[in-house]
Asker: 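Could you have a look at this structure, given as structure tokens, before my questions?
Chain naming here is simple, since letters A, B, ... match the order of the sequence lines and numbering starts at 1 in each.
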Amino acid sequence: MIRFLHKVAKPFTSVAQSQINFPKHLKPTRINLSLKSYLNSNPTKTILLFSDLLRKKISAVDSYSLLYVIKACAKKSMDTEGKQTHTLVIKLGYEPIIFLQTSLMDMYAATTNKPYRAIEVFRQMQMDGVEPDQVTFTVALSACADMGALDKGVWIHDLISRKPEFSEDLSLMNSLVNMYVKCGDIRKAMLVFDNIRVKDVRTWTSMIVGHALHGQAEEALRLFSTLEEENKLRSSQSRGTKDQLLVPNDVMFIGVLMACSHAGMVEEGKRYFRSMIEEYGIKPRLSHFGCMVDLLCRLGLLKEAYSFILAMPIQPNAVIWRTLLGASGVHGNEELAAVAQSKLRELNASLVGDDVALSNIYAAKGMWEEKIMLRHEMTQRRTPGCSSVEVGKLHS
DNA sequence: CTAGGGTTAG
């Protein structure tokens, strides 16, 4: 934690700024460019430099400096520093600056596991009479989506509806579709989707994922086919329409594979996985492999799932082994369960529940010696310093 | 010489 608030001697004002003659290298713009430049390479340095400036009682900071610090806090998930910066924004009277409010909302959504703080900032803006714009609404909807807060999302949608020109903002509309998807109102999501005249890849992706999440695999895949057909049509037409192609990307394929997985469509899933690699030239990521493992495991194709995992060109993570472990439990395959279990231990990522899963299989099969052995191992393996908080990060 | 945004397995 980096403390800097208590070092602030007095609130910074624009009057004070104009009265002080800073050395050239300490002018706000100059410093801000440094703060900004560290943002991509080393965000912690942005925060350190800023706290250093305050410690030296150099008030050569302005709203730009704060913005970069807030972004740095968001990037490094430094919630304490983020909160301190928020306090500083208020202390310096920068509340009406919409850029700061929006990035604060974004910061809270990124650093706390309660995005409702982002909505609280939004509420406060409403109370202070600070008018939100498209970007503020976009971030607010994203926070609602993360929380699954349909009531708040609808409230914000209502506020947006009063500004017809906002419906031209595609980022905002995509955020709106995503909010309805994540909050479970698929019909409303479709309604918004249909009303977006010029869509992009993200629009389609949100809707495909939406259908997949709602167990509407056919709708998801039909949507994907529609997109492919539109692309084919356009590429066969004049050259002018080529740049209007909406080429499916890796994220969209996660939605497609999710749909196949939820519907148990194993052959289709394999076909899409191949198509992704061969036709679209997309290198599958861990999440794509995870979808495939999930698909195979759901159908009880455990051996195939296992050989699929072994053939992966990248190292499988704990989630993948846990998928296999869970499915082995459901389908009573104690050999593969034990393999998955040991892989989890190798990764140093086994959870209490993983031992229980294997233990239950042994019990169900009457393998009491194995169960006792496992129980013995479990009690021996208690390593100090491994709290449930640290382990909990695996779930996020 | 500088400001904020949307899609991602389980």
Asker: Looking across every strand, which nucleic acid part, if any, lies under 4.0 Å from A:Leu35 by heavy atom: base, sugar-phosphate, or nothing?
Answerer: nothing
Asker: Base, sugar-phosphate, or nothing for A:Ile70, non-hydrogen atoms under 4.0 angstrom?
Answerer: nothing
Asker: Ring of A:Trp204, cation from A:Arg222 - is the NZ or CZ under 6.0 Å from the centre and inside 45° of the axis?
Answerer: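 Ring-cation test returns no.
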Asker: So is the aromatic ring of A:Phe99 stacked onto the base of B:dA3, judging by whether the centres are under 5.5 Å apart and the planes are under 30° apart?
Answerer: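 Yes; by the centre-distance and plane-angle rule, A:Phe99 counts as stacking on B:dA3.
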Asker: What integer distance in Å separates A:Ile320:CD1 from B:dG10:C1'?
Answerer: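 Rounded to the whole Å, the gap is 10 Å.
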Asker: How many whole angstroms separate atom CZ of A:Phe253 from atom P of B:dT7?
Answerer: 20 Å
Asker: Using a 4.0 Å heavy-atom cut-off across all strands, classify A:Ser206 as base, sugar-phosphate, or nothing.
Answerer: sugar-phosphate
Asker: Measure from the side-chain heavy atoms of A:Asp133 and tell me the nearest of B:dC1, B:dT7, B:dG4.
Answerer: B:dG4
Asker: Just N and O in the side chain of A:His262: are any of them under 4.0 Å from OP1 or OP2 of B:dG10?
Answerer: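 True: A:His262 side-chain N/O within range (under 4.0 Å) of B:dG10 OP1/OP2.
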Asker: By nearest atom, which of the nucleotides B:dT8, B:dA9, B:dA3 is closest to the A:Tyr68 side chain?
Answerer: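 Closest of the options to the side chain of A:Tyr68: B:dA3.
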Asker: Remember a base hit wins even if backbone is also touched, and classify A:Gln134 as base, sugar-phosphate or nothing at under 4.0 Å, heavy atoms.
Answerer: base
Asker: Write down the distance between CE (A:Met105) and P (B:dG4), rounded to a whole number of angstrom.
Answerer: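 After rounding, the gap between these two atoms is 15 Å.
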Asker: Using the benzene-type ring in the case of Trp, are the ring centres of A:Tyr64 and A:Phe99 under 6.0 Å apart?
Answerer: no
Asker: Once you apply a heavy-atom cut-off of 4.0 Å, does A:Asp294 come out as touching a base, just sugar-phosphate, or nothing?
Answerer: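 The residue A:Asp294 makes sugar-phosphate contact but no base contact.
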Asker: Starting at atom CG of A:Asp250, determine the distance to atom C1' of B:dA9, rounded to an integer number of angstrom.
Answerer: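 Going from A:Asp250 (CG) to B:dA9 (C1'), I get 13 Å.
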Asker: What's A:Leu104 touching, base or sugar-phosphate or nothing? Going by heavy atoms closer than 4.0 Å.
Answerer: nothing
Asker: Tell me: OH of A:Tyr38 to P of B:dT2, nearest whole Å?
Answerer: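 Atom OH in A:Tyr38 sits about 19 Å away from atom P in B:dT2.
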Asker: Examine B:dG4: is either OP1 or OP2 under 4.0 Å from a nitrogen or oxygen in the side chain of A:Lys71? Give yes or no.
Answerer: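 Checking B:dG4 against A:Lys71, a side-chain N or O does come within under 4.0 Å of OP1 or OP2.
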Asker: Decide yes or no, distance alone: a donor-acceptor N/O pair under 3.5 angstrom between the base of B:dG4 and the side-chain of A:Thr102.
Answerer: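 Pair found.
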Asker: Between atom CE in A:Met252 and atom P in B:dA9, what is the gap in whole Å?
Answerer: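 Taking atom P of B:dA9 as the reference, CE of A:Met252 is at 15 Å.
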Asker: Taking atom P of B:dT7 as reference, at what distance in whole Å does atom CG of A:Asn249 sit?
Answerer: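 So the CG-P distance, A:Asn249 to B:dT7, works out to 12 Å.
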Asker: Please classify the nucleic acid contact of A:Leu141 as base, sugar-phosphate, or nothing, using heavy-atom distances under 4.0 Å.
Answerer: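 It contacts nothing in the nucleic acid.
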Asker: Looking at B:dT8, B:dG4, B:dA3, which one has an atom nearest to any side-chain atom of A:Lys36?
Answerer: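 Per side-chain heavy atoms of A:Lys36, the pick is B:dA3.
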Asker: If only side-chain N and O atoms count, and only distance matters, is there a donor-acceptor pair under 3.5 Å linking A:Lys75 with A:Asn40?
Answerer: yes
Asker: Can you tell me which nucleotide in B:dT8, B:dA3, B:dG5 comes closest to the side chain of A:Asp169?
Answerer: B:dG5
Asker: In plain terms, say whether A:Arg298 and A:Asp294 are close enough for a salt bridge, that is, a side-chain N and a carboxylate O under 4.0 Å apart.
Answerer: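 A salt bridge is present here (some side-chain N lies under 4.0 Å from a carboxylate O).
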Asker: Just compare B:dA9, B:dG5, B:dT7 and give me whichever is closest to any side-chain atom of A:Leu286.
Answerer: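 Looking only at side-chain atoms, A:Leu286 lies closest to B:dA9.
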Asker: Can you tell which of B:dC1, B:dA3, B:dA9 lies closest to the side chain of A:Cys291?
Answerer: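 Of the options given, the side chain of A:Cys291 lies nearest B:dA9.
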Asker: Does any non-hydrogen side-chain atom of A:Asp62 lie less than 4.5 Å from one of A:Tyr94?
Answerer: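 Answer yes - side chains close enough.
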Asker: Which nucleotide in the set B:dG5, B:dT2, B:dT7 lies at the smallest distance from any side-chain heavy atom of A:Val251?
Answerer: B:dT7
Asker: Is there side-chain contact between A:Asn231 and A:Pro248, with heavy atoms separated by less than 4.5 Å?
Answerer: yes
Asker: Any idea which of B:dG5, B:dT7, B:dG10 is nearest the A:Val139 side chain?
Answerer: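 Given the options B:dG5, B:dT7, B:dG10, the side chain of A:Val139 is closest to B:dG5.
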Asker: Without decimals, in angstroms, what is the distance between A:Ile160 CD1 and B:dG5 C1'?
Answerer: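 To the nearest whole Å, that distance equals 12 Å.
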Asker: Nearest to the A:Arg298 side chain among B:dG10, B:dA3, B:dT7, which nucleotide is it?
Answerer: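 It is B:dG10.
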Asker: Among B:dG10, B:dT7, B:dT2, which nucleotide sits nearest the side chain of A:Asn317?
Answerer: B:dG10
Asker: Taking all heavy atoms of A:Ala337 and all of A:Leu325, pick out the closest pair and write down the distance.
Answerer: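 The pair with the smallest heavy-atom distance is O-CD1, 3.5 Å.
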Asker: Can you find a donor-acceptor pair, distance only, under 3.5 Å between A:Thr136 side chain and B:dG4 base?
Answerer: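 Indeed there is one.
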Asker: Could a donor-acceptor pair under 3.5 angstrom be found where the side chain of A:Thr205 meets the base of B:dT7?
Answerer: yes
